[in-house]
Amino acid sequence: MPPSPPEIQKKEELRSFLFLTAVMVPVLSVIVVAGYGFVVWMSQLLMGPPH
């Protein structure tokens with residue numbers, strides 16, 4: 001007997017939630033921090049160190 005549509009939807013939602021929390025949030029966090037570090041590095045390279 002195939003699972004009913006609400007059961008399938010519940011599994012899809014759980015899978016999506018786990019993917020977002022376990023994969024996308026850490027990846028986006030690393031990208032944001034690396035991007036900020038790059039901007040600070042480039043600004044110091046062009047304008048000199050802070051006084």
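The shown structure was predicted, so the numbers you read here are calculated from the model rather than taken from an experiment. If you read the sequence from its start, that first residue is 1, and numbering goes on from there. As a basis for the values below, the full set of heavy atoms in this structure was taken, side chains included, without hydrogen atoms, waters or symmetry mates.
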Fill in: salt bridge (Lys or Arg N to Asp or Glu O under 4.0 Å) contacts in which one or both residues fall within residues 13-38, not counting sequence neighbours
E12-R15

Donor-acceptor pairs under 3.5 angstrom involving side-chain atoms of residues 22-42: please list them, not counting sequence neighbours.
residue	atom	partner	partner atom	Å
S29	OG	V25	O	2.8

Discussion item. Who clusters with L18? Use side-chain heavy atoms, under 4.5 angstrom, across I, L, V, M, F, W and Y, and order the result by chain and number.
Written reply: L14, F17

